[in-house]
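I have placed the structure first, in the form of C-alpha cells, so that the comments after it can refer back to it.
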Amino acid sequence: MKERLKRSLRAAKIAPSSDSILVMMKWVLAGNGSIQGNRDSRVTRRGVQPPSAGTSKDRGTEPGGRETRTGRRSRRAHSGRATPAAEAELESIDGSPTPKRRKVAAPRGKKDAGLHLRLFSGTPDLAGIQPCLPPARLHSWDYHRPLLLSGRSGSEGRRRLLSWFDSASTTRGMPWRSPWIDPGRLDAADLRPLLERRAYEVWISEIMLQQTRVAVVVDYWKRWMARWPTIHDLAGADADDVLAAWRGLGYYSRATRIYQAAKLVVQDPDMRGLLPSAADELAARVPGVGRYTAGAISSIVFGRAEPMVDGNVLRVLSRQLGIHGNIKSDKSVIDIIWAAADALVKTVSQHDEGPEADHNVLERDSEAVPLSDRPGRWGQALMELGSTVCTPKPDCPSCPITSTCRVYAEGSAMASNKTNDAATVADMEDLCGLCSPLGGQETDGTKCRHALNSYP
DNA sequence: ATCCTGTCAG
DNA sequence: CTGACAGGAT
C-alpha cells in the first residue's frame with residue numbers, strides 16, 4: 001500500500017492542491033533511496049569486461065562513476081584487458097603531465113555567505129525550535145542551524161558520533177586506515193617520508209574507492225602498494241604497467257590521472273613528492289582530486305579541519321539540518337551542507353575531546369592551525385554513518401545522533417500524530433528558501449523507519 | 001549545467 | 001532494458 005501510494009503519487013506528480021493527506025503521505029515517504037548501501041555489502045560477482053572503444057574522443061575525458069565508499073553499487077572485480085581507448089589515453093598522456101586547471105573557487109553570492117555565517121557561526125542559538133510538519137512546513141532559515149553545532153546536546157552528539165565510529169566500525173580490514181601521524185612527535189626528517197607515504201596511500205585508496213567497493217579495492221590497493229610503495233616509484237613506472245595494475249577496475253582515465261599526477265607531484269619543486277596538505281591546494285594542483293578527495297586527504301592525513309562531503313554525508317547532514325531540498329541537484333542546498341560540514345569539522349577540531357590537544361599546532365601565515373586526528377575521524381564517522389545507518393532507509397534506532405536530527409524529530413512528531421502546523425515564522429524575510437515548497441520533489445528527504453511504520 | 005563510466009535496482 | 005548514481009572535469 002505504501003508502495004502503491006508512493007508510485008501513484010510520483011506518477012501523478014502530485015498537484016500542490018491535493019488534499020493534505022496525500023501530501024503528507026508523500027512527504028513521509030519521500031525518502032526514497034538515493035545513495036545506498038554499505039561500502040561492503042555484496043560480494044562482487046564477476047566483473048565485467050571494460051568497455052571497449054571510447055565513444056568520445058580521447059583527450060582523456062573523465063571518469064566518473066562511483067559507488068563506492070558508500071557503497072552503492074559495486075563494481076566489477078575481474079580482470080580484463082584494457083580498452084583500446086584507455087590505452088590510447090594512457091599513451092597520449094604518458095609523456096607530459098599537464099598542469100591541472102586552476103580551480104576557481106566559485107564565488108558564492110554574498111547572500112549565501114551571509115546566510116552561512118548566520119547559520120554556522122558560533123552564536124548560542126536556541127535549538128528549541130519545534131519540528132516543522134507538513135503540510136505547510138513553514139519555518140525560518142534558523143531552523144537549519146545544525147543542532148550538532150551548539151549547546152550541550154551538540155557537543156554530546158559530536159562525542160557520541162566519534163565514539164561510535166571509534167568503537168564500532170572502523171578498520172574493517174582496510175589497510176589504508178592506519179594511525180594518524182602526529183607531526184608533533186617526530187623530527188622533521190623522520191616526518192616527511194612518513195607523511196609522503198601516507199598521503200600517497202590515502203590518495204590512491206580514495207580514488208579507487210570512488211568507483212569500487214571496499215572488498216574489491218583492498219586487493220587492488222595491496223597489489224598497487226606492493227608494486228609502487230612510494231609516489232616516486234609510481235612516477236617512474238611504465239605507463240603500461242600502471243594500466244595493467246588498474247585493469248579490472250575500469251574507469252581507466254582515473255589511472256591515467258593518478259599516473260600523471262604522480263609525475264607532476266614528484267617533479268614539482270614545491271611538492272617534491274609530498275602532496276599538499278591544504279585542501280584547496282590539493283584540489284587545485286592534483287589531477288583527479290576534487291573537493292571531496294581533497295578534504296579527505298587534508299583531514300585524514302594532515303589532520304586539518306577540512307570537510308569531506310560525499311553523497312552519504314549530504315544525506316546525513318540534510319537530515320540533521322532538516323533540509324528537504326534536492327541534495328543532488330540544488331546547488332544552494334549542496335553549498336549550505338558543505339558550509340555546515342565545514343563549521344562542524346572546525347568545531348570538532350578545536351573544541352572537542354582531548355584535554356590537552358593544543359600542542360600540535362602548525363604555524364602558517366601567522367595563523368595557528370590545530371592539527372589532530374579528529375578531523376579525519378569525524379569526517380569518516382559521518383561517511384560511515386551515512387553508509388551503514390543513515391542510509392536511504394535509515395536505521396534510526398541505531399543512530400548515535402538522533403537527538404540532533406531535525407528530520408528524526410519531525411518523523412517522531414508525525415508518528416505521535418502531533419498534527420502540528422502552527423506556523424511560527426516571524427517575518428517573511430526569514431522564510432526558508434531551501435526546502436521544497438510542499439516537501440515534495442526532494443530526493444533526500446526521508447523519514448525515519450519508525451515514522452514509516454506508524455504510517456501504514 | 002552536462003558528460004563520463006560501469007553496475008545494479010526497478 | 002532503462003535509469004539512477006557517483007566524484008571529477010569541462
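Here is how names work: the chains are called A, B, and so on, in the same order as the sequence lines, proteins then strands, and each is numbered from 1. Side chains included, hydrogens not; waters and symmetry mates left out as well; all remaining heavy atoms used.
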Starting from [atom2] on [N], measure out to [atom1] on [X] and report it in whole angstrom.
X	N	atom1	atom2	value
D310(A)	dG8(C)	CG	C1'	14 Å
W246(A)	dT5(B)	CH2	C1'	13 Å
E206(A)	dG8(C)	CD	P	9 Å
I207(A)	dG8(C)	CD1	P	7 Å
Y251(A)	dC3(B)	OH	C1'	12 Å
D335(A)	dA1(B)	CG	P	11 Å
Y292(A)	dA9(C)	OH	P	14 Å
I327(A)	dA4(C)	CD1	P	15 Å

Discussion item. Does R377(A) qualify as a cation-pi partner of F165(A), given the criterion of NZ or CZ under 6.0 Å from the six-membered ring centre and within 45 degrees of its axis?
Written reply: no

Worksheet item: Any ion pair linking E410(A) and R406(A) (charged N to carboxylate O, less than 4.0 Å)?
Response: no

Worksheet item: What pairs with A343(A) under side-chain contact (heavy atoms from CB on, under 4.5 Å), at least two apart in sequence or on another chain?
Response: F120(A), L149(A)

Worksheet item: For R192(A), what residues pass the side-chain hydrogen bond (donor to acceptor under 3.5 Å, both in side chains) criterion, not counting sequence neighbours?
Response: E196(A)

Name the closest nucleotide to the [X] side chain, picking from [options].
X	options	result
Q210(A)	dG8(C), dC5(C), dT5(B)	dG8(C)
K328(A)	dC5(C), dT5(B), dG8(C)	dC5(C)
T293(A)	dG6(B), dC5(C), dG8(C)	dG8(C)

